[in-house]
Amino acid sequence: MAEDVLAAVRVAPGRTELRSFPMPDVPSDGALLKVEVAGICGTDVKMYGKPPSEAPVIMGHENVGTIAQAGPDFLRRHGLTEGDRVFVEHYVGCFHCEWCHAGEYRHCENTDWRTNPDARRYGYTSAENPFHLWGGFAQYMYLPWNAVLHRIPDGVSAELAGIVTPLSNGIEWALNAGGVGYASTVLIQGPGQQGLSQVVACKQAGASTIIVTGTTRDAARLQLAKDLGADHVVDVLTEDPLTLVRDVTRGTGVDVVLDCTAGAGTAPVLLGIDALKRREGVMVVQGELAAFPAFPMKKLTEKAITLRSARGHGYRACELAVAQLASGRFPLERLATHTFALDQVDRAIRAVGGEVEKDVVHVSLLPWAGLS
């Protein structure tokens with residue numbers, strides 16, 4: 001193994017630098033992951049443009065690679081051998097709090113960078129912390145004893161493996177938070193990587209009607225939504241989505257609304273409240289807005305709507321996502337639209353943000369591309 005590790009480090013808002021870090025010594029309960037692919041999502045766009053701190057950070061929280069080196073205690077704990085291919089969740093829980101004991105390590109304080117300055121979460125943690133390699137935009141990544149890992153089958157390509165995170169989020173938000181199941185009617189707002197992943201999750205769960213909204217520039221992604229199983233798609237700039245929902249459901253409204261939009265303001269939430277059925281509908285939102293003036297609380301309570309927050313994923317959702325990728329049932333390789341090398345991190349993030357490239361769905365960073 002090389003003595004140094006090359007990584008792309010966020011050093012300021014909207015700026016990265018390639019830096020070398022010494023290869024860390026691996027303790028008996030730790031390991032090193034040779035990063036094969038690091039996926040990029042909308043959260044990376046936000047964290048790149050407006051970092052929560054001035055600390056240098058190796059971004060990248062959707063990471064797949066092989067176990068390059070590991071201590072005996074690490075291998076025994078995880079049931080792995082060197083050379084195994086794994087997906088690494090970005091949460092690094094404490095595994096002794098009530099959340100971790102319940103299997104909800106995504107809520108563990110040890111992972112919450114908003115409230116805990118010493119939190120550990122891949123793609124968020126400062127490179128100044130011990131072992132340095134806390135993100136996937138690097139050739140190698142450090143794995144402590146409490147890393148959460150999932151095996152990736154050999155037949156799954158790097159680019160396909162890179163969409164485990166959005167697919168697992170889609171499963172978590174649609175099936176677990178939204179309660180989508182057999183014969184459900186669903187409105188998915190936004191045909192990005194999360195929305196398209198939710199189309200797959202809802203179709204697999206047996207939803208009877210899936211409606212996806214987007215804008216004119218989403219034409220290719222709306223077509224992909226139909227190819228993945230959506231029953232209806234609508235361009236909200238040229239058609240009235242509420243009219244379509246009512247026509248399709250014969251005036252009943254949908255059971256579940258999944259808001260996967262970004263930067264669309266209050267309109268998706270207002271549409272969701274109106275589009276839900278008369279009583280006991282469920283709406284899952286990402287909470288992009290810091291405030292919501294004149295929120296229609298009266299209508300929400302009159303319709304007995306359950307409002308759920310979309311927040312990460314659990315272990316089971318990741319296992320289901322990996323199984324879905326390996327099954328080949330859906331043409332999920334079409335979500336993996338763009339790849340970039342390590343020295344192209346800035347462009348890769350801007351592509352996800354819509355500043356460059358066209359018809360971007362999911363972007364994969366390949367840290368070893370172009371390198372010997």
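Please read these numbers as outputs of a predicted model, since none were measured by experiment. All values below were derived from every heavy atom in this structure, side-chain atoms included, with hydrogens, water molecules and symmetry-related copies excluded.
When all heavy atoms are compared, the tightest approach of Ala68 to Tyr140 is CB-CE2, 3.9 Å. In plain terms, the two heavy atoms of Pro24 and Leu133 that are nearest each other are CD-CD1, 3.8 Å. Minimum heavy-atom separation, Val254 to Thr185: CA-OG1, 3.3 Å.
Residue-environment remark: CZ (Arg250) stays at or below the threshold of 12 foreign heavy atoms within 6.0 Å. Environment of NZ in Lys46: crowded, with over 12 heavy atoms of neighbouring residues, nucleotides or ligands closer than 6.0 Å.
Between the side chains of Arg329 and Gln204, at least one donor N or O lies within less than 3.5 Å of an accepting N or O.
With respect to His362, the side chain to side chain donor-acceptor pair (under 3.5 Å) criterion is satisfied by exactly one of Arg334, Glu62, Glu159, His338: Glu62.
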Next item on the list: Evaluate ring-ring contact (aromatic ring centres under 6.0 Å, His included) for Trp145 paired with Phe74, printing each intermediate quantity in order.
Entry: CA-CA 6 Å; Trp145 66 270; Phe74 182 94; 10.0 Å; no

Checklist line | Verdict with reasoning, Arg15 to Glu17, per salt bridge (Lys or Arg N to Asp or Glu O under 4.0 Å) | finding: CA-CA 7 Å; Arg15 188 161 68 89; Glu17 292 180 359; 3.1 Å; yes

Check: For His150 and His78, what are the C-alpha separation, side-chain angles and deciding distance, and is it a ring-ring contact (aromatic ring centres under 6.0 Å, His included)?
Finding: CA-CA 10 Å; His150 303 262; His78 291 277; over 10 Å; no

Note to self: His132 vs Phe21, test: ring-ring contact (aromatic ring centres under 6.0 Å, His included). Steps then yes/no.
What the structure shows: CA-CA 7 Å; His132 307 298; Phe21 292 87; 5.8 Å; yes

Margin query: Quick one, Arg77 with Asp29, criterion salt bridge (Lys or Arg N to Asp or Glu O under 4.0 Å). Give me CA distance, side-chain angles, the key distance, then yes/no.
Written below: CA-CA 8 Å; Arg77 176 184 295 273; Asp29 62 353; over 6 Å; no

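Counting only heavy atoms from C-beta outward, the side chains of Met283 and Leu187 never approach each other to under 4.5 Å. Looking only at side-chain heavy atoms (C-beta outward), Arg120 and Asn129 come within less than 4.5 Å of each other. Under the 4.5 Å side-chain criterion, counting only non-hydrogen atoms from C-beta, Phe340 is not in contact with Leu366.
For Glu302, the salt bridge (charged side-chain N to carboxylate O under 4.0 Å, His left out) criterion is met by Lys298, not counting sequence neighbours.
Under a hydrophobic-cluster definition in which Ile, Leu, Val, Met, Phe, Trp and Tyr are linked whenever side-chain heavy atoms come within less than 4.5 Å, directly or via other members, Val37 and Val88 are assigned to different clusters.
Aromatic pair His107/Tyr91: ring centres not closer than 6.0 Å.
Between Arg350 and Glu357, no side-chain nitrogen of the basic residue sits less than 4.0 Å from a carboxylate oxygen of the acidic one, so the salt-bridge criterion is not met. Ion pairing of Glu172 with Arg106 is present here, as a side-chain N (NZ or NE/NH1/NH2) and a carboxylate O approach within less than 4.0 Å.
The CD atom of Gln198 lies 6.5 Å from the CH2 atom of Trp173; values are rounded to the nearest 0.5 Å.
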